[in-house]
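As the structure lists them, so they are numbered: ligands from 1, and atoms in each ligand from 1.
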Amino acid sequence: MSDMGYPVVLDLEGKKVGIIGGGKVALKKAEKLLGCGAVLYVKAQDMHQGFSKLEEIYQENLFLIRGSYTLEILDGCMLVFAATSNPELNEQIKRDCSSRNIFCNVVSDKDLSDFSNTAYFDRGKVQISVSTNGASPKIARDIKDYLEENFNPKWEADVIKYGRIRDFILKSKLKDAQKREKLKTLLDLKPEYWDFFFEAIRKEVHIDEN
Ligand SMILES: C[C@@]1(CC(=O)O)c2cc3[nH]c(cc4nc(cc5[nH]c(cc(n2)[C@H]1CCC(=O)O)[C@@](C)(CC(=O)O)[C@@H]5CCC(=O)O)C(CC(=O)O)=C4CCC(=O)O)c(CCC(=O)O)c3CC(=O)O
Ligand SMILES: NC(=O)C1=CN([C@@H]2O[C@H](COP(=O)(O)OP(=O)(O)OC[C@H]3O[C@@H](n4cnc5c(N)ncnc54)[C@H](O)[C@@H]3O)[C@@H](O)[C@H]2O)C=CC1
């Protein structure tokens, strides 16, 4: 991995993700991946007992396969986590992924990984994600905890409200130039005026449609 990565928000809904290894680290990754809607295949000799709990919650999205690593587990995966306790095996998994153009996270070696995981939390539509690019996962977590404790709940509500108005404008039958103008106005408007503005647009669109 290079010194600084390129942060993105991945839509994993319905996409196949593989984890090789079923220990504590694999479990932690699995919980988050399932929470994001991934279809998860986990292959490991021994599964942490926490996986049975996940199986109850995410029945049709989680497939637990007991046994040693074999190549078929990689078939159709968008992402793979090499999360065994055997660094040489993790390295082999990474090579197998590279030759198949699959992005691979090697939990035991940040330099080998195509991407790393961040410490994050969600508040409605807001997601705060912290990375130290492998330098200190512990400090990444501390920074995330600090930001979570100091998160202003107003931001969560504002984002939802703004998003609703923005969506309404974009999906309305207004002409492109009108949409741009409305979005620009919204951008400059203080949150306390958003409701009035939304009402006014709704009326305008309604008149336009009749
Ligand atoms: C490179 C990276 C690869 C990756 O996993 O993508 C990686 C690698 C390694 N982690 C190790 C150890 C620990 N990792 C944690 C915790 C987290 N680790 C996470 C991410 C990452 N860990 C990526 C870089 C992220 C960044 O730098 O910002 C978090 C943020 C997100 C997540 O795991 O999803 C999550 C906290 C999230 C939360 O709680 O919110 C703790 C602390 C704890 O558990 O509380 C410890 C023990 C203390 C310590 O060592 O610091 C080891 C040494 C293993 C060994 O000793 O052999 C390696 C291997 C190496 O460094 O090569
Ligand atoms: N990225 C991160 O956040 C962290 C990474 N680590 C790294 O993660 C590694 C794994 O840690 P834990 O999950 O705590 O280990 P663990 O010992 O709890 O689990 C290891 C898993 O690997 C599986 N495994 C081993 N050989 C296998 C094979 N040939 N085929 C299939 N599965 C196999 C085992 O069955 C077991 O499920 C550690 O060695 C460490 O390097 C450790 C802490 C945090």
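Interface atoms of ligand 2 facing Leu89, defined by a heavy-atom separation under 4.0 Å, are 27 (C), 28 (C), 29 (N), 30 (N). Here is the list of ligand 2 atoms found below 4.0 Å of a heavy atom in Ser108: 41 (O). Of all atoms in ligand 1, numbered sequentially from 1 with element shown, those under 4.0 Å from a heavy atom of Ser131 are 28 (O). For ligand 1 and Ala135, the ligand atoms under 4.0 Å from any heavy atom of the residue are 27 (O). Ligand 1 places these atoms under 4.0 Å from at least one heavy atom of Ala119: 30 (C), 37 (C), 40 (O). Near Ser108, the atoms of ligand 1 lying under 4.0 angstrom from a non-hydrogen atom of the residue are 62 (O). Counting atoms of ligand 2 from 1 in the listed order, those under 4.0 Å from a heavy atom of Gly67 are 31 (C). Interface of Asp46 with ligand 2, defined as ligand atoms under 4.0 Å from a residue heavy atom, comprises 35 (O), 36 (C), 37 (O). Close approach of ligand 1 to Asn133 is summarised as follows: ligand atoms under 4.0 Å from at least one heavy atom of the residue are 26 (C), 27 (O), 28 (O). Near Thr118, the atoms of ligand 1 lying under 4.0 angstrom from a non-hydrogen atom of the residue are 30 (C), 31 (C). Per-residue contacts place Ser116 under 4.0 angstrom from the following atoms of ligand 1 (heavy atoms of the residue considered): 6 (O). Ligand-side atoms of ligand 2 in range of Gly22: 21 (C), 36 (C), 37 (O), range being under 4.0 angstrom from any heavy atom.
In this structure, atom 43 (C) of ligand 2 has a protein heavy-atom contact shorter than 4.0 Å. Atom 57 (O) of ligand 1 is never approached by the protein to below 4.0 angstrom, counting heavy atoms only. Under the 4.0 Å distance rule, the nearest protein heavy atom to atom 54 (C) of ligand 1 falls outside the cut-off. Within a 4.0 Å radius of atom 61 (O) of ligand 1, the protein contributes no non-hydrogen atoms. Proximity of atom 9 (C) of ligand 2 to the protein is indicated by at least one non-hydrogen atom lying closer than 4.0 angstrom. There is a protein heavy atom closer than 4.0 angstrom to atom 30 (C) of ligand 1. In this structure, atom 51 (O) of ligand 1 has protein heavy atoms in its sub-4.0 angstrom surroundings.
Of all protein heavy atoms, the one closest to atom 30 (N) of ligand 2 is Tyr69 N, 3.0 Å. Ser85 CB, 4.1 Å is the protein heavy atom nearest to atom 15 (O) of ligand 2. From the protein, the heavy atom lying nearest to atom 28 (O) of ligand 1 is Thr132 N, 2.6 Å. Closest to atom 17 (C) of ligand 1 among all protein heavy atoms lies Lys28 NZ, 3.6 Å. Of the protein's non-hydrogen atoms, Pro137 CG, 4.2 Å is the one closest to atom 11 (C) of ligand 1.
Distances from ligand 2 to the non-hydrogen atoms of Met47 include no value under 4.0 Å. Residue contacts with ligand 2 do not include Asn86, since none of its heavy atoms lies under 4.0 Å from the ligand. Within the structure, ligand 1 lacks Ser113 among the residues with a heavy atom less than 4.0 angstrom away. For the ligand labelled ligand 2, residue Pro87 lies outside the 4.0 Å heavy-atom shell. For the ligand labelled ligand 2, residue Ser68 lies inside the 4.0 Å heavy-atom shell.
Not less than 6.0 angstrom separates the ring centroid of Phe115 from the ring centroid of Tyr6. For Trp155 and Phe151, the distance between ring centers is under 6.0 angstrom.
By the criterion of a heavy-atom distance under 4.0 Å, neither the backbone nor the side chain of Lys138 is placed next to ligand 2. Contact annotation: for Asp111 versus ligand 1, there are no heavy atoms closer than 4.0 Å. At a 4.0 Å heavy-atom cut-off, ligand 1 touches Asn105 through the side chain alone. With a 4.0 Å cut-off on non-hydrogen atoms, Val25 does not touch ligand 1 at all. With a heavy-atom cut-off of 4.0 Å, Lys110 touches ligand 1 through backbone and side chain alike. The residue Asn117 has no part lying near ligand 2, judged by heavy-atom distances below 4.0 Å. Of all the heavy atoms of Ala140, the ones lying under 4.0 Å from any atom of ligand 1 belong exclusively to the side chain.
Distance alone, capped at 3.5 Å, is enough to place a donor-acceptor pair between the Lys179 side chain and the Leu170 backbone.
Counting non-hydrogen atoms of neighbouring residues, nucleotides and ligands closer than 6.0 angstrom, the CD atom of Gln49 reaches no more than 12 such neighbours. For Arg95, the CZ atom sits in a packed shell: over 12 heavy atoms of surrounding residues, nucleotides or ligands are nearer than 6.0 Å.
Note: Leu40 CG to Leu33 CG = 6.0 Å, rounded to the nearest 0.5 Å.
Residue Asn117 holds the heavy atom nearest to atom 4 (C) of ligand 1 of all those in Val107, Leu33, Asn117. Closest heavy-atom approach to atom 33 (O) of ligand 1 within the set Lys29, Lys144, Lys32: this belongs to Lys29. One option in Arg141, Glu148, Lys138 has a heavy atom closer to atom 36 (C) of ligand 1 than any other, and that option is Arg141.
Considering backbone and side-chain N/O atoms, Val25 comes within less than 3.5 Å of an N/O atom of ligand 2. Residue contacts with ligand 2: Lys24 is placed with a nitrogen or oxygen under 3.5 Å of a nitrogen or oxygen of the ligand (distance criterion only). For Gly134, a nitrogen or oxygen atom sits less than 3.5 Å from a nitrogen or oxygen atom of ligand 1, counting backbone and side chain alike.
Side chain to side chain, Glu72 and Thr70 meet the donor-acceptor criterion of an N or O pair below 3.5 Å. Tyr69 and Asp96 are linked by a side-chain donor-acceptor pair at a separation below 3.5 angstrom, with hydrogens and angles left out of the test.
When all heavy atoms of Ile93 and Thr84 are compared, the pair lying nearest together is CD1-CG2, 4.4 Å. The shortest non-hydrogen separation linking Tyr41 to Lys16 is CD1-CE, 3.6 Å. Nearest heavy atoms, Ser172 versus Val205: CB-CG2, 4.2 Å.
The pair Glu148-Arg123 meets the salt-bridge criterion, since a charged nitrogen lies less than 4.0 angstrom from a carboxylate oxygen. For the pair Asp142 and Lys138, the salt-bridge criterion is met [side-chain N within less than 4.0 Å of a carboxylate O]. A salt bridge does not link Lys94 to Glu91: none of the charged nitrogens lies less than 4.0 Å from a carboxylate oxygen.
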Go through Phe197 and Asp195 one step at a time and tell me if the side chain to side chain contact (heavy atoms under 4.5 Å, CB included) criterion holds. CA-CA 5 Å; Phe197 183 59; Asp195 285 336; over 6 Å; no
Between Glu181 and Leu174, is a side chain to side chain contact (heavy atoms under 4.5 Å, CB included) present by the stated rule, with each step listed? CA-CA 11 Å; Glu181 180 217 306; Leu174 293 168; over 6 Å; no
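Contact annotation: the side chain of Leu71 approaches that of Arg100 to within less than 4.5 Å [non-hydrogen atoms, C-beta and beyond]. In this structure the side chain of Asn105 never reaches within 4.5 angstrom of the side chain of Asp114, judged on heavy atoms. Side chains of Leu79 and Leu12 form a contact here, defined as non-hydrogen atoms less than 4.5 Å apart.
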